**Q** 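Here it is: the structure, laid out below.
Since this is a predicted model, take the numbers as computed values, not measurements.
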Amino acid sequence: MGIFTAFDISATGLSAQRYRMDVIAENVANANTTRTEDGTPYRRKVVTFTTQETEHIGSFSHVLDHVVGKGHTRRNSFKEMEDAIGYGVKITDIHEDEDTPMNMVYDPSHPDADENGYVTYPNVNIITEMTNLIDASRSYEANVTAFQASKSIATKGLSILQS
């Protein structure tokens, strides 16, 4: 694994978490949107990540099972595992949350109230969104730290070569 691969891995994490924060911000901004363009209330959106796997090897767990199960020598095992390291994270899906129920509020004066006087509000819970935002920002910070550590290692290596 080269030093630029470490930069790429951190960069994918940064991009993914930034996008996740954008989706969370959209959820918070639409927490009271009772009517979208299609006439239905806004539905909370969720981002799903997965690892970017090497195409010729498969998942890391597959390689780990293969290496441990075959009883390879230590040198060959490390080489196979190094070849199987994923290249960061990728967004696999942005979907609407169908599991969380919509919020029904009694407000007969609201223009979007049904015949019983209930308004269907989005299934956005501000506390959940803020918790997810903290999680995403901490993950972002961890990726920044990893990127800075990789940069420091590369800088130190270059300074050793210059001397």
Side-chain angles (χ1 to χ4, degrees), residues 1-65 81-155:
M1 179 169 83
I3 189 68
F4 293 114
T5 305
F7 291 147
D8 291 341
I9 291 169
S10 294
T12 62
L14 290 168
S15 296
Q17 293 303 334
R18 180 198 47 82
Y19 191 80
R20 182 178 173 210
M21 287 189 271
D22 289 346
V23 170
I24 292 168
E26 180 183 338
N27 288 341
V28 171
N30 287 294
N32 292 317
T33 303
T34 58
R35 188 182 321 157
T36 59
E37 291 177 1
D38 63 356
T40 61
Y42 177 82
R43 261 194 194 279
R44 176 178 180 262
K45 293 183 180 155
V46 180
V47 179
T48 306
F49 300 140
T50 190
T51 58
Q52 290 184 4
E53 298 170 353
T54 56
E55 293 179 16
H56 65 283
I57 303 253
S59 70
F60 183 76
S61 61
H62 170 75
V63 172
L64 189 60
D65 290 342
M81 282 194 251
E82 184 177 278
D83 290 343
I85 292 175
Y87 292 104
V89 66
K90 66 180 178 179
I91 297 170
T92 55
D93 189 26
I94 298 118
H95 63 278
E96 291 183 348
D97 181 6
E98 300 288 337
D99 298 330
T100 309
M102 302 297 264
N103 297 322
M104 301 297 288
V105 176
Y106 183 74
D107 185 3
S109 64
H110 194 283
D112 291 327
D114 63 11
E115 60 275 352
N116 297 324
Y118 284 94
V119 180
T120 305
Y121 279 94
N123 57 348
V124 176
N125 182 334
I126 298 298
I127 295 170
T128 301
E129 298 303 323
M130 295 309 290
T131 303
N132 290 339
L133 184 61
I134 291 168
D135 179 52
S137 66
R138 297 274 167 84
S139 295
Y140 188 91
E141 290 169 6
N143 280 293
V144 167
T145 303
F147 189 89
Q148 289 173 339
S150 298
K151 186 174 82 171
S152 174
I153 290 168
T155 304

**Q** Has the side chain of S152 got a donor or acceptor atom that lies under 3.5 Å from a matching backbone atom of Q148?
**A**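 Absent.
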
**Q** For Y118, does its backbone N or O pair with a side-chain atom of N116 as donor and acceptor, under 3.5 Å?
**A**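 Side chain of N116 to backbone of Y118: no pair is present.
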
**Q** Counting heavy atoms not belonging to M130, are there more than 12 under 6.0 Å from its CE?
**A** no

**Q** Dump the intermediate steps for side-chain contact (heavy atoms from CB on, under 4.5 Å) on K90 and T50, then the final yes or no.
**A** CA-CA 6 Å; K90 66 180 178 179; T50 190; 3.6 Å; yes

**Q** From L133 CG over to Y140 OH, what is the distance, rounded to the nearest 0.5 angstrom?
**A**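 Those atoms lie 13.0 Å apart.
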
**Q** Would you mind reporting whether T34 and T120 have side-chain heavy atoms less than 4.5 Å apart?
**A**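 No, every pair of side-chain atoms sits at 4.5 Å or beyond.
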
**Q** Is it true that N27 and Y42 share a donor-acceptor pair across their side chains at a distance under 3.5 Å?
**A** yes

**Q** Using only atom types and a distance under 3.5 Å, with no angle test, would you say the side chain of T12 pairs donor to acceptor with the backbone of I9?
**A**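 Pair found, side chain donor or acceptor close to backbone of I9.
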
**Q** Looking at every non-hydrogen atom in both residues, tell me the closest pair between M102 and P41 and how far apart they are.
**A**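 Shortest heavy-atom separation between M102 and P41 comes out as CE-CB, 3.5 Å.
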
**Q** Should the heavy atoms of other residues, nucleotides or ligands under 6.0 Å from CD1 of I126 be counted, would the total exceed 12?
**A**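 Check passes, neighbour count above 12.
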
**Q** So, does S10 use its side chain to make a donor-acceptor pair with the main chain of F7 at under 3.5 Å?
**A**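 No, the answer is negative, given that no donor and acceptor are paired below the 3.5 Å cut-off.
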
**Q** Could you tell me if the side chain of I91 sits less than 4.5 Å from the side chain of V47, heavy atoms only?
**A**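 A side-chain contact under 4.5 Å exists here.
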
**Q** Take R44 and N125 through the side-chain contact (heavy atoms from CB on, under 4.5 Å) test and state the conclusion after the steps.
**A** CA-CA 9 Å; R44 176 178 180 262; N125 182 334; over 6 Å; no

**Q** Please check: side-chain N/O of E96 versus main-chain N/O of K45, any donor-acceptor pairing under 3.5 Å?
**A**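 No: the side chain of E96 does not pair with the backbone of K45.
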
**Q** Does a donor on one side chain sit under 3.5 Å from an acceptor on the other, for N123 and T100?
**A** no

**Q** Any idea which heavy atoms bring D38 and T40 closest together, and the distance?
**A** OD1-OG1, 2.8 Å

**Q** Should H110 and V105 count as side-chain neighbours, where that means a heavy-atom distance under 4.5 Å?
**A** no

**Q** Give me the atom names and distance for the closest heavy-atom approach of V89 to F49.
**A** CG2-CB, 3.6 Å

**Q** Check the pair T36, R43 against side-chain contact (heavy atoms from CB on, under 4.5 Å), reporting the backbone distance first and the verdict last.
**A** CA-CA 9 Å; T36 59; R43 261 194 194 279; over 6 Å; no

**Q** Is any side-chain heavy atom of R20 closer than 4.5 Å to a side-chain heavy atom of I24?
**A**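 Touching, per the 4.5 Å side-chain cut-off.
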
**Q** Could you state the interatomic distance from OH (Y121) to CG (N30), rounded to the nearest 0.5 Å?
**A**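 The OH atom of Y121 sits 13.5 Å away from the CG atom of N30.
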
